[in-house]
Amino acid sequence: MSLNDALKRHELHSRPGELLFARESRGGRRSYVSMHPSDAWKETKSQPSAHLYEVLTGKCSLYLDIEWKCKSKPNGEHLVIDQIANYTIKVLSTMLTCKCTYTAVTSSGPVIGGYKCSWHVHIHTPGVCWQDASAVGDFVSDHLSHF
């Protein structure tokens, strides 16, 4: 099922409090399910390597999903993330009046054939939200694609 079809199904059939989640299997294939966040957390905790992601369906914060692969673990991986996050904040400072900060978490590690750097960066913009994940994607394309 496509993401678009899953969003339509979620809108028509989900119960109050349920969110749309994507389950990612080996090879990157995704299936979609509506469930309560507490059930998603239970599933995540019970699986040795659960790949369950919330699909953002409405207003959201600015987030960056940054990934790249290398032959081995790079030195200063976090410095690359700091550079991207600080550049993002610099761009935002020309558009917004709030003080922006960021939080970064990693799930980097060895993969077949090398090392995968994988980071989720949340840009905190107090009092400001984005219309939807598509608007975040447009911002990233317009201002950060050179990374």
Side-chain angles (χ1 to χ4, degrees), residues 1-70 73-74 77-78 80-96 98 100-147:
M1 173 183 305
S2 72
L3 174 57
N4 200 33
D5 290 340
L7 288 166
K8 287 177 188 173
R9 185 187 68 195
H10 175 75
E11 187 176 325
L12 292 172
H13 303 291
S14 64
R15 292 176 285 182
E18 288 184 335
L19 301 174
L20 183 62
F21 290 88
R23 280 191 187 113
E24 190 172 289
S25 58
R26 291 189 186 270
R29 189 155 188 220
R30 290 190 176 135
S31 60
Y32 299 96
V33 61
S34 295
M35 68 171 77
H36 192 275
S38 61
D39 294 326
W41 179 241
K42 288 175 192 169
E43 181 175 323
T44 300
K45 285 186 354 180
S46 70
Q47 302 294 322
S49 62
H51 294 281
L52 187 66
Y53 307 96
E54 179 186 353
V55 176
L56 301 177
T57 58
K59 293 182 170 136
C60 62
S61 295
L62 175 56
Y63 63 92
L64 304 172
D65 186 5
I66 304 169
E67 297 180 343
W68 72 96
K69 290 184 180 177
C70 319
K73 182 178 179 172
E77 176 183 348
H78 69 283
V80 174
I81 300 307
D82 290 341
Q83 178 188 14
I84 294 169
N86 286 321
Y87 181 84
T88 303
I89 289 171
K90 182 179 174 183
V91 171
L92 288 170
S93 72
T94 67
M95 303 173 173
L96 306 173
C98 62
C100 303
T101 59
Y102 73 93
T103 304
V105 294
T106 185
S107 60
S108 298
V111 295
I112 295 172
Y115 186 86
K116 181 178 180 183
C117 301
S118 181
W119 291 78
H120 292 171
V121 179
H122 176 225
I123 307 293
H124 307 277
T125 54
V128 177
C129 68
W130 297 82
Q131 183 62 36
D132 52 31
S134 180
V136 171
D138 291 343
F139 174 84
V140 170
S141 293
D142 291 346
H143 301 285
L144 306 175
S145 61
H146 62 285
F147 286 104

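These figures come from a predicted structure and were not determined experimentally. Hydrogens, waters and symmetry mates play no part in the numbers below; they use all other heavy atoms, side chains included.
Using cut-offs of 30° and 60° on the angle between ring planes, the pair H122 and H124 is perpendicular.
The side-chain hydrogen bond (donor to acceptor under 3.5 Å, both in side chains) test with S108 singles out one residue from H78, E77, K116, and that residue is E77.
When all heavy atoms of K59 and C129 are compared, the closest pair comes out as CD-SG, 3.8 Å. Shown here for H10 and L20, the closest heavy-atom pair between the two residues is CE1-N, 3.5 Å.
Rounding to the nearest 0.5 angstrom, the gap separating the CH2 atom in W119 from the CG atom in L64 is 13.0 Å. A distance of 7.5 Å separates OG1 of T125 from CH2 of W130, quoted to the nearest 0.5 Å. Atom NE2 of H36 is separated from atom CZ of R15 by 10.0 Å, given to the nearest 0.5 angstrom. In this structure, F147 CZ and T88 OG1 are separated by 6.5 Å, a value rounded to the nearest 0.5 Å. C100 SG to N86 CG: the interatomic distance, rounded to the nearest 0.5 Å, is 11.5 Å.
At a threshold of 4.5 Å between non-hydrogen side-chain atoms, the residues S25 and S31 do not count as touching. Counting heavy atoms from C-beta on, the side chains of I84 and I66 come closer than 4.5 Å. Residues Y32 and D5 are not in side-chain contact: their nearest non-hydrogen atoms beyond the backbone lie 4.5 Å or more apart.
Under a cut-off of 6.0 angstrom, the local environment of CD in E54 is crowded, with over 12 non-hydrogen atoms contributed by other residues, nucleotides or ligands.
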